[in-house]
Amino acid sequence: MKLSWGFVPTLKEDPSDAIMPSHKLMIRAGLVRPLAAGIYSFLPLGWKVAKKVMQIIREEMDAIGGQEFHLPALNPIELWEETERLRDFGDVIFRIKNRPLVLAPTHEEVICHIAKHHIKSYKDLPQIWYQIQTKFRNEPRPRSGVIRGRQFIMKDSYSLDASWEGLDKSYELHKQAYIKIYTRCGLKFFMVGASTGAMGGSASEEFMVESQYGEDTVVLCDKCGYAANTEIAQSNVPPAKRYPESQPLKEIYTPNVRTINELAQFLNVPTEILAKSLVYKHNGQPVLILMLGNDQLVEAKLLKALGGGEISPIEPEELKNLTGANAGSIGPVGLKNFKIIADNRLKDANNLISGANKDDYHIANIDMLRDVKVDGYFDLRKVEEGEPCINCGNPLRIINAIEIGHIFKLGTKYSEAMKATFLDENGQEKPIIMGSYGIGVERIIACHIEQNHDENGIIWDKSIAPYQVHLISVNTENPKVVEVSDKLYEKFNAEKIEVIYDDRLDVSPGFKFKDADLLGMPLQVIVSERNLKNNQIEIKVRKTGERILVNLEEVITEVKKMLEI
RNA sequence: CGGGGCGUAGCGCAGAUGGUUAGCGCGCUUGCCUUGGGAGCAAGAGGUCCCCGGUUCAAGUCCGGGCGCCCCGACCA
């Protein structure tokens with residue numbers, strides 16, 4: 001491609017509303033343009049990168065026996081009612097106004113629909129079906145350029161198995177394929193245990209890229225390798241104590257004390273004997289949640305403990321009506337018509353202090369066994385930096401990360417709901433056992449740029465660079481330079497080396513160099529008057545800045561060597 | 001969905017207390033000139049000042065409403 005006619009609109013200045021380097025650079029280098037919030041147009045250069053990423057994904061999915069589909073983005077709304085996900089997704093699902101259709105945010109339903117009609121026997125299994133397709137999600141807040149959009153490209157695949165062992169195998173195949181895909185795309189990444197969320201299922205893992213801009217927080221142990229999303233992460237923090245003797249309950253006057261810290265200070269006691277009460281509504285019913293001290297509640301854990309459904313913090317007014325007290329004075333003792341669950345750290349503890357359900361009063365010496373009717377203990381707390389690792393005791397680290405892939409063992413949630421069954425060896429009807437696996441294509445591109453850029457621009461890995469070579473002619477007033485450059489361009493093309501050629505006659509050398517660094521092709525081949533005098537051509541490595549001079553006749557050979565092709 | 005910010009030329013922005021013909025840099029067009037790190041000179045083109053309504057002799061500017069975009073939070077399959 002020649003820049004004299006190619007559409008590569010580069011920008012000298014950063015777009016004002018971009019924060020992340022990848023967002024700025026994708027726009028400045030002419031890869032994408034915003035159309036609306038969370039909606040981007042891919043321009044030729046960006047689309048070329050996307051196609052390379054998709055090709056890598058395709059090759060690795062094919063290698064594990066995946067079969068590529070192309071499923072419709074428009075789905076009948078009934079399909080989504082069958083699995084109740086129309087309700088579960090809520091406003092996130094785009095609905096079509098003039099037909100009973102929705103824009104699919106993912107494709108478990110369609111896969112099940114096909115499987116239901118065509119998978120009849122255990123002999124038809126296993127299957128791995130995948131597609132690379134545009135997904136639609138009405139995100140409440142798109143952000144970070146292409147990283148969270150309302151429309152995005154996703155590789156989604158689905159495994160269909162006759163047994164749980166089969167699912168394990170399909171899951172493992174995907175895990176290995178994903179490792180290869182991200183490695184080939186030149187990403188530094190890691191895996192964490194993750195929450196299955198509303199997708200359901202028994203287990204899931206996420207592929208993560210460390211980034212200060214990441215929307216996820218993950219807990220890492222540098223010693224034993226423990227890694228988990230904070231949505232499920234646990235640590236080895238000590239539980240609250242159980243003293244030999246439980247003191248009698250005692251009401252204490254605590255004027256204007258609202259928070260745990262204020263309470264600890266007011267009573268001059270450690271936070272480890274204080275039980276914090278939170279009230280949520282679960283499917284419309286109030287639930288009291290007891291946490292130790294200043295422990296933070298993880299809503300994903302709470303949702304899991306409650307078995308799914310809808311949860312939200314209770315409104316202050318309703319809280320007052322139900323308990324007679326305001327937040328800050330709520331407690332488990334004497335509370336009626338509330339489901340009460342507690343964090344594991346509080347199990348069997350005694351001599352605790354919590355709210356009295358009366359403003360400005362707390363109750364001391366609460367014994368979880370004697371005074372509280374607990375409906376269950378669960379891990380509900382957020383792990384904090386420096387707490388001992390659950391496996392080895394080493395202090396844990398907490399970092400932000402961007403999720404670039406997620407793999408789920410779904411089980412039979414969808415096949416049961418949609419009656420996608422098969423006959424097993426004994427002629428018994430069984431639901432198909434499913435797995436679901438996703439990769440965000442734009443996120444791979446954005447994360448690659450996050451990890452590979454400098455103050456001048458992008459530094460592409462050759463595996464997904466739009467072009468391998470950026471050919472530059474400087475001193476175009478010299479006909480010899482133009483002639484040699486043109487010939488080199490033809491030669492690169494003949495040799496099937498992808499080349500973008502800055503053949504513009506009216507652009508100064510400095511401008512071309514800046515553009516080349518911004519676009520970030522792995523090698524720059526520079527044809528100039530001063531080097532041509534000695535029959536030499538300059539090759540610059542974008543990543544290292546290293547420059548070498550080679551004889552004109554050796555350029556192609558040298559470039560091939562440097563690109564290892 | 002809560003909180004904050006912004007909306008003026010393709011992009012980045014300036015336009016106190018309302019007051020002529022709305023500016024600046026970059027980019028764009030034409031000409032001259034220039035060619036190793038985003039050159040220079042000259043002449044140009046380009047505007048629904050986000051939209052609707054109001055106040056006023058007069059609104060980019062003040063008031064009301066709406067829309068859009070960004071950021072923080074909530075949510076995130």
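In what follows, every chain begins at residue 1, and chains take the letters A, B, ... in the order their sequences are listed.
- Take the nearest nucleotide of RNA chain B for A:Gln524 and for A:Asp14: the residue whose nucleotide is more 5' is A:Asp14.
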Could you run down nucleotides 69-75 of chain B 5' to 3' and tag each one B, S or - for protein heavy-atom contact under 4.0 Å? SSBBBBB
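- With C1' as the reference atom, B:C63 and B:C11 are 32 Å apart, rounded to whole Å.
- Nucleotides B:G54 and B:G44, compared at atom C1', are 40 Å apart to the nearest Å.
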For nucleotides 31-36 of chain B, give me every protein contact, N/O to N/O, under 3.5 Å, one pair per line with atom names.
| residue | atom | partner | partner atom | Å |
| --- | --- | --- | --- | --- |
| B:U35 | O2' | A:Asn475 | ND2 | 2.4 |
| B:G36 | O6 | A:Ser528 | OG | 2.2 |
| B:G36 | O6 | A:Asn531 | ND2 | 3.0 |
| B:G36 | N1 | A:Arg530 | NH2 | 3.3 |
| B:G36 | N1 | A:Glu538 | OE1 | 2.6 |
| B:G36 | N2 | A:Glu538 | OE1 | 3.2 |
| B:G36 | N2 | A:Glu538 | OE2 | 3.1 |
| B:G36 | N2 | A:Arg547 | NH1 | 3.2 |

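- Pairs engaging residues 278-289 of chain A under the salt bridge (charged side-chain N to carboxylate O under 4.0 Å, His left out) rule: A:Lys281-A:Glu318 [sequence neighbours left out].
- Contact annotation for A:Lys540: base contact, defined as any heavy-atom pair under 4.0 Å involving a base atom.
- In RNA chain B, consecutive stretches of 3 or more Watson-Crick or G-U wobble pairs with both distances under 3.5 Å are given as paired ranges: B:1-7 with B:67-73, B:10-13 with B:23-26, B:28-32 with B:40-44, B:50-54 with B:62-66.
- Partners of A:Glu483 under the side-chain contact (heavy atoms from CB on, under 4.5 Å) rule, at least two apart in sequence or in another chain, are A:Lys487.
- Cation-pi contact between A:Lys409 and A:Tyr171: present, with separation from the ring centre below 6.0 Å and deviation from the ring axis of at most 45°.
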Under 3.5 Å, which protein N or O atoms sit close to an N or O of nucleotides 25-28 of chain B? Give each pair with its distance.
| residue | atom | partner | partner atom | Å |
| --- | --- | --- | --- | --- |
| B:G25 | N2 | A:Glu13 | OE1 | 3.3 |
| B:C26 | O3' | A:Lys12 | NZ | 3.4 |

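- As rounded to whole Å, 19 Å separates atom C1' of B:A77 from atom NZ of A:Lys409.
- Atom NZ of A:Lys2 has more than 12 heavy atoms from other residues, nucleotides or ligands within 6.0 Å.
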